[in-house]
Amino acid sequence: MAAITVPRNFRLLEELDKGEKGIGDGSVSYGLEDADDLLLSNWIGTIIGPNSSVHEGRIYNLKISCGESYPNKAPIVRFTSKINLTCVNQQTGLVETNKFPVLGNWKNSFTIEYLLVELRKEMVSAANKKLPQPPEGARF
């Protein structure tokens with residue numbers, strides 16, 4: 001029996017509903033950048049820095065662009081808050097697909113929430129947990 005393919009907008013409406021309800025532990029949040037975005041393409045996300053890390057107490061903002069092929073193709077993710085992570089381009093804030101396995105190995109079962117939770121985990125990975133960070137409030 002073949003898997004059922006959910007149309008892009010239905011999938012994104014599901015994600016929007018979940019994001020607006022704030023389901024989860026509150027460490028990540030997301031929603032549409034513009035409530036009038038009928039194509040559900042441009043999203044904003046927030047990650048609260050993990051405790052006991054150089055990110056503790058910081059709030060990081062991101063822009064997430066879901067193209068026409070989402071969820072079959074990964075979204076484009078860019079931090080607007082300055083952050084020093086090995087997977088983030090330090091000039092543009094772009095999360096680099098080849099340096100962040102969630103984007104590089106994207107599956108259509110992944111969600112915006114999953115992406116944000118995994119980026120938060122990346123903040124405390126061995127490669128990133130002690131990296132010096134830009135001043136709080138700095139932006140790309």
Short question: side chain of Asn84, backbone of Leu131 - any donor-acceptor pair under 3.5 Å? no
Answer yes when Lys121 and Glu118 have at least one side-chain N-carboxylate O distance shorter than 4.0 Å, and no when they do not. yes
Specify whether Phe110 and Trp106 have parallel, tilted or perpendicular ring planes, treating 30° as the upper limit for parallel and 60° as the lower limit for perpendicular. perpendicular
I would like to know whether Val95 and Leu115 meet side-chain contact (heavy atoms from CB on, under 4.5 Å); could you show each step before the answer? CA-CA 11 Å; Val95 179; Leu115 168 72; over 6 Å; no
Euclidean distance, Arg58 CZ relative to Ser81 OG, rounded to 0.5 Å: 9.5 Å
How long is the gap from CG on Leu62 to CD1 on Ile44, to the nearest 0.5 Å? 10.0 Å
Does atom CD1 of Ile76 have more than 12 heavy-atom neighbours from other groups under 6.0 Å away? no
Got a sec: does the NZ of Lys63 have more than 12 other heavy atoms crowding it under 6.0 Å? no
So, the side chain of Thr80 versus the backbone of Asn61: is there a donor-acceptor pair under 3.5 Å, distance only? yes
Tell me whether the rings of Phe79 and Tyr60 are parallel (<30°), tilted (30 to 60°) or perpendicular (>60°). perpendicular
Say whether Ser125 and Asn128, considering side chains only, have a donor N or O and an acceptor N or O under 3.5 Å apart. yes
Side-chain heavy atoms under 4.5 angstrom apart, residues restricted to Ile, Leu, Val, Met, Phe, Trp, Tyr: same cluster for Val28 and Ile59? no
Hey, quick one: are Ile47 and Phe140 part of the same hydrophobic cluster, counting side-chain heavy atoms closer than 4.5 Å, chains of contacts allowed? yes
Answer with yes or no whether the hydrophobic clustering places Val117 together with Leu16; edges join I, L, V, M, F, W, Y residues whose side-chain heavy atoms lie under 4.5 Å apart. yes
Is there a chain of hydrophobic side chains (I, L, V, M, F, W, Y, each step under 4.5 Å between heavy atoms) that links Val124 to Val54? no
Can Val88 be reached from Tyr114 by stepping across I, L, V, M, F, W or Y side chains whose heavy atoms are under 4.5 Å apart? yes
Ile64 and Leu116, any side-chain heavy atoms less than 4.5 Å apart: yes
So, taking the atom named CG in Leu94 and the one named NZ in Lys99, what distance separates them when rounded to the nearest 0.5 Å? 10.5 Å
So CG of Leu13 and CG of Leu32: to nearest 0.5 Å the spacing works out to 8.5 Å
Taking side chain as C-beta onward, heavy atoms only, is Glu122 less than 4.5 Å from Cys87? yes
Side-chain heavy atoms of Thr111 within contact of Arg11, under 4.5 Å: yes
Under a 3.5 Å distance rule, please check whether Glu14 uses its side chain to pair with a backbone N or O of Asn9 as donor and acceptor. no
Atom CD in Gln133, atom CG in Leu85: separation rounded to 0.5 Å? 6.5 Å
Arg8 (side chain) donor-acceptor with Asn72 (main chain) under 3.5 angstrom: no
So CD of Gln90 and CD1 of Ile83: to nearest 0.5 Å the spacing works out to 9.0 Å
Using modelled atom types and a 3.5 Å cut-off, is there a donor and acceptor pairing between side-chain atoms of Glu15 and backbone atoms of Ile112? yes
Does any non-hydrogen side-chain atom of Phe100 lie less than 4.5 Å from one of Leu119? yes
